[in-house]
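In what follows, every heavy atom counts, from backbone to side chain, and hydrogens, waters and symmetry copies are set aside. It should be emphasised that the depicted structure is a prediction, and the values quoted were computed from it without experimental measurement.
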Amino acid sequence: MSIVAGVDFGTLSVRVTLADSKKGSLGTCVAEYPLERRRSDPDLATQSHVDHMEALVLAMHRVIDECGVDSKEIRAIAVDTTGSSVLPVDKNMQPLGDYYLWCDHRAKAEAEEITAMAHDMHIEAIEWCGGTYSHEWGFAKLLHWMRHNPDQRERFGTAVEHCDMAAAVLTGVTDTARMVRSVCAMGHKWMWNPKWGGLPSQAFLSRVDPLFDGVREKIGGTYQTSASIAGGLSTYWGERLGLTSGIPVPTGAFDAHWDAIGAGCRLGDVVNVIGTSTCIIAVSERVKLIPGVCGVVPGSAHPDLVGVEAGLSATGDLFDAIARRAGTTVSRLAEGLESIEGGKTGLMRLPWDNGDRTVLVRSDLGGMTLGWHLGHTAQDELYAAIEGTAFHTRVVLERMEQHGVPVNRVINGGGIPQRNDILNQIYANVIGKPILVPDGIPTGLGSGIFAALAAKDHGSIESAQAAMCVGYRKFEPDPSTRGRYETLYQLFKQVYMGFGTSSLADFSQVLGDIKRIAAGESIRSEFGHRAARKVALL
Ligand SMILES: Nc1ncnc2c1ncn2[C@@H]1O[C@H](COP(=O)(O)OP(=O)(O)O)[C@@H](O)[C@H]1O
Ligand SMILES: O=C(CO)[C@@H](O)[C@@H](O)COP(=O)(O)O
């Protein structure tokens, strides 16, 4: 056995997990960093590279102390980070500003231009990333940066995803041409695939905007899956972290992908990684393209399988906003949620407060709550928001299933399912399948698993998962809510598609139906009849 370190950079904090590669987690410590947001520009969300690295040092020293291990015994360190968190750097890998974090949505216009040009030029990559290039993704952010930082353009060396920057820094890479890039990051968010020779052609990029001239070559380096090593830990970072220099650092990946592996994801599973946002990760043997998802990428989550990613742009962030507006915290507002009956708040919450990541891929949508009356409370809204994220998740799961992704087991990974059992039960009731929840914190364990592979303690992901993952708690769907949730889900889908595709549905009818369902009445509208008949057939 050996001890390894798994690092997980989330939206608000970094978690460092020390793990015994034969037994699993020994302990986790967290350190926070600021996220710059402005009320005057809600699309802006930035973070500093220095803040990230300071927090990493803090969390590493804390966990070494807390676990009481000899830090020199740690034999590998692996790092995952949020995805679509993009930093322009100079030729020596020095930041030319702050990260555009994944939830930075300033690059809407750029994303639309890229999507339009990709369809115009019949670029195959656009089909592999769900048919729409998202405002969250790399090229859109890079173009936004280039347009808004004319004085910095001369110094531009390359743009890096956070996971690749972390690996480069830790391994002492200071030359952009020598950096290692993650297939997971570049495949899902930068249209990279060996099938068409890597990134999309320079001709395409230049036609999007001449500012992109020469950019393809600059986004160079070696592209690898996380089964390959990025390099050895540098002397400088070995000293700062208290670790032995030279220990292997595997090629990084996105938090959600490794969280899925840490939650025990195997063929046939879908993992909802529920945190600030939700990433829905599946692994598949076969490749089938799926409209509206964040990409189908061979080797992304699991080096030997095809990874599929989809998700919701606000989950914990949305719960947080509801609590903040009520002058409290989510955990306090969540106390007593169990007294509310599922599907009976009379509210329907569309969780679009940060736009729609999948399957509509629209940054312009805003959150909506239908059905308010004067007696409703913030807690009702929180309950309806949890239901809304579950309905939206079911829309995504159905899309995946329709395109050949098996959804045999549904696992709720990420931080929130560890703190909120009502949410897990609502997901089981809405999705209509048992929900498995890791019985112990799974975040950070995924990076522990990749560190254990890098240390050569395991020859496969499966063997590392068998040794290191925790068991599951199981939430079975409650039959007494089944009919109500089935009917509400059909309504939700109508509102989601109706509003989301801008062909406005008859909302007064939908509103009335929500109220009748809450009152336990049967639905008389034409749509309601169809939904009720469907429920009766189940
Ligand atoms: N009891 C709770 N119920 C639901 N959400 C919660 C609860 N406590 C905290 N949260 C949310 O959890 C989110 C953080 O999720 P977590 O998985 O820990 O981190 P990250 O998304 O950064 O990886 C925050 O947005 C917060 O609002
Ligand atoms: O966008 C991605 C991955 O593609 C995520 O990293 C992003 O949603 C952030 O996830 P968290 O909710 O902070 O774990």
Query - Main-chain N/O of G131 paired with H119 side-chain donor or acceptor, under 3.5 Å - result: yes
Query raised in the report: Going by the angle between their ring planes, with limits at 30° and 60°, are F391 and F492 parallel, tilted or perpendicular?
Result: tilted
Query raised in the report: Taking side chain as C-beta onward, heavy atoms only, is L241 less than 4.5 Å from I77?
Result: yes
**Report entry** Separation between OG of S84 and CG of D104, rounded to the nearest 0.5 Å
**Finding:** 10.5 Å
Query raised in the report: Do any N or O atoms from the side chain of R409 and from the backbone of V270 form a donor-acceptor pair under 3.5 angstrom?
Result: no
Query raised in the report: Going through the checks in order, is the salt bridge (charged side-chain N to carboxylate O under 4.0 Å, His left out) test met by K474 and E476?
Result: CA-CA 6 Å; K474 196 175 191 175; E476 294 283 356; 3.7 Å; yes
Query raised in the report: Is there side-chain contact between L423 and I416, with at least one heavy-atom pair below 4.5 Å?
Result: yes
Query raised in the report: Heavy-atom distance under 4.5 Å between the side chains of V308 and M400, does that happen here?
Result: yes
**Report entry** Distance (rounded to the nearest 0.5 Å) between E136 CD and T82 OG1
**Finding:** 10.0 Å
Query raised in the report: Side chain of R362, backbone of G500: donor and acceptor closer than 3.5 Å?
Result: yes
Report task. Return yes if some donor-acceptor pair links the side-chain N/O of R482 with the main-chain N/O of G432 below 3.5 Å, else return no. Result -> no
Query raised in the report: Counting distance only, does the side-chain N/O of R216 pair as donor-acceptor with the main-chain N or O of L205 below 3.5 Å?
Result: no
Report task. Would you mind telling me which of N412, I435, I411 makes a side chain to side chain contact (heavy atoms under 4.5 Å, CB included) with Y472? Result -> I411
Report task. For the residue pair D255 and T81, establish whether any side-chain heavy-atom pair is separated by less than 4.5 Å. Result -> no
Query raised in the report: Hey, are the side chains of W192 and P194 touching, using non-hydrogen atoms and a 4.5 Å cut-off?
Result: yes
Query raised in the report: Any luck finding a side-chain donor-acceptor pair between T17 and T28 under 3.5 Å?
Result: yes
Query raised in the report: Should the pair K195-E124 be classified as a salt bridge under the 4.0 Å nitrogen-to-oxygen rule?
Result: yes
Requested in this report: Drop me the distance from I114's CD1 to L142's CG, to the nearest 0.5 angstrom.
Outcome: 8.5 Å
Query raised in the report: Do you see a donor-acceptor pair shorter than 3.5 Å between the side chains of H302 and E462?
Result: yes
Requested in this report: Tell me, with the steps shown, if T481 and I426 meet side chain to side chain contact (heavy atoms under 4.5 Å, CB included).
Outcome: CA-CA 9 Å; T481 63; I426 290 173; over 6 Å; no
Query raised in the report: Is E110 salt-bridged to K108, going by a charged N under 4.0 Å from an acidic O?
Result: no
Report task. Report, as yes or no, whether the 6.0 Å neighbourhood of atom CZ on R473 holds more than 12 heavy atoms from other residues, nucleotides or ligands. Result -> yes
Report task. Please assess D421 against Q425 for the test side-chain hydrogen bond (donor to acceptor under 3.5 Å, both in side chains), listing each intermediate value before the final yes or no. Result -> CA-CA 6 Å; D421 281 352; Q425 188 57 55; over 6 Å; no
Report task. Could you give me the CA-CA distance, side-chain angles and deciding distance for Y496 and H392, then say whether ring pair (Phe, Tyr, Trp, His ring centres under 6.0 Å) is met? Result -> CA-CA 8 Å; Y496 177 90; H392 191 171; 5.0 Å; yes
Requested in this report: Might you work through the side chain to side chain contact (heavy atoms under 4.5 Å, CB included) test for Y427 and V410, ending with a clear yes or no?
Outcome: CA-CA 10 Å; Y427 274 54; V410 184; over 6 Å; no
**Report entry** Donor-acceptor contact present, side-chain T251 to main-chain Q224, <3.5 Å
**Finding:** no
Query - Y133/W137 aromatic ring centres below 6.0 Å - result: yes
Query raised in the report: If you count the non-hydrogen atoms of other residues, nucleotides and ligands that lie under 6.0 Å from NZ in K456, is the total more than 12?
Result: no
Query raised in the report: How many angstroms lie between atom CE of M93 and atom CE of M165, to the nearest 0.5 angstrom?
Result: 5.0 Å
Requested in this report: Evaluate the side-chain hydrogen bond (donor to acceptor under 3.5 Å, both in side chains) criterion for residues R181 and T158: first the C-alpha distance (whole Å), next the side-chain angles of each, then the deciding distance (0.1 Å), finally the verdict.
Outcome: CA-CA 12 Å; R181 295 193 193 253; T158 190; 2.7 Å; yes
**Report entry** Donor + acceptor pair across side chains of S313, W102 (<3.5 Å)
**Finding:** no
Query raised in the report: Shortest non-hydrogen contact from V14 to L56?
Result: CG1-N, 3.9 Å
Atom pairs and distances, side-chain donor-acceptor, residues 438-450, under 3.5 Å, sequence neighbours left out:
{"residue": "S447", "atom": "OG", "partner": "V7", "partner atom": "N", "Å": "3.4"}
{"residue": "S447", "atom": "OG", "partner": "V7", "partner atom": "O", "Å": "3.1"}
{"residue": "S447", "atom": "OG", "partner": "D80", "partner atom": "OD2", "Å": "3.4"}
{"residue": "S447", "atom": "OG", "partner": "G444", "partner atom": "O", "Å": "3.3"}

Query raised in the report: Do F139 and P200 touch side chain to side chain, with heavy atoms closer than 4.5 Å?
Result: yes
Requested in this report: Evaluate side chain to side chain contact (heavy atoms under 4.5 Å, CB included) for E161 paired with S182, printing each intermediate quantity in order.
Outcome: CA-CA 9 Å; E161 281 279 347; S182 149; over 6 Å; no
Could you give the side-chain donor-acceptor pairs of residues 275-293 under 3.5 Å, partners two or more places apart or in another chain?
{"residue": "T278", "atom": "OG1", "partner": "T315", "partner atom": "OG1", "Å": "2.7"}
{"residue": "S284", "atom": "OG", "partner": "R286", "partner atom": "N", "Å": "3.4"}
{"residue": "S284", "atom": "OG", "partner": "R286", "partner atom": "O", "Å": "3.0"}

Report task. Taking the side chain as every heavy atom from C-beta outward, state whether L199 and M191 have any atom pair closer than 4.5 Å. Result -> no
Query - side chain to side chain contact (heavy atoms under 4.5 Å, CB included) assessment of R15 paired with F9 - result: CA-CA 6 Å; R15 285 165 283 241; F9 279 98; over 6 Å; no
Query raised in the report: Can a donor-acceptor pair be found between the side chains of S300 and H188 at a distance below 3.5 Å?
Result: yes
Requested in this report: Using atom types as modelled and distance alone, determine if a side-chain donor or acceptor of K141 lies under 3.5 Å from a backbone N or O of L101.
Outcome: yes
**Report entry** Working for side-chain hydrogen bond (donor to acceptor under 3.5 Å, both in side chains), residues Y489 and E398
**Finding:** CA-CA 12 Å; Y489 174 63; E398 285 183 357; 2.9 Å; yes
Query raised in the report: Are the aromatic ring centres of H52 and H162 under 6.0 angstrom apart?
Result: yes
Requested in this report: Please assess W145 against Y100 for the test ring pair (Phe, Tyr, Trp, His ring centres under 6.0 Å), listing each intermediate value before the final yes or no.
Outcome: CA-CA 9 Å; W145 180 84; Y100 280 64; 8.2 Å; no
Report task. To the nearest 0.5 angstrom, please state how far the CD atom of E127 sits from the NE2 atom of H122. Result -> 10.0 Å
Report summary line: side-chain hydrogen bond (donor to acceptor under 3.5 Å, both in side chains) filter on S206, not counting sequence neighbours, yields Q202, D213
Query raised in the report: Are the side chain of E309 and the backbone N or O of H257 linked by a donor-acceptor pair below 3.5 Å?
Result: no
Query - Whether W196 side chain and G198 backbone form a donor-acceptor pair below 3.5 Å - result: yes
**Report entry** The single option from L360, N354, L350 passing side chain to side chain contact (heavy atoms under 4.5 Å, CB included) against L365
**Finding:** L360
Query - Side-chain donor/acceptor of Q465 to backbone N/O of C265, under 3.5 Å - result: yes
Query raised in the report: Do R394 and R399 come within less than 4.5 Å of each other through their side chains, counting heavy atoms only?
Result: no
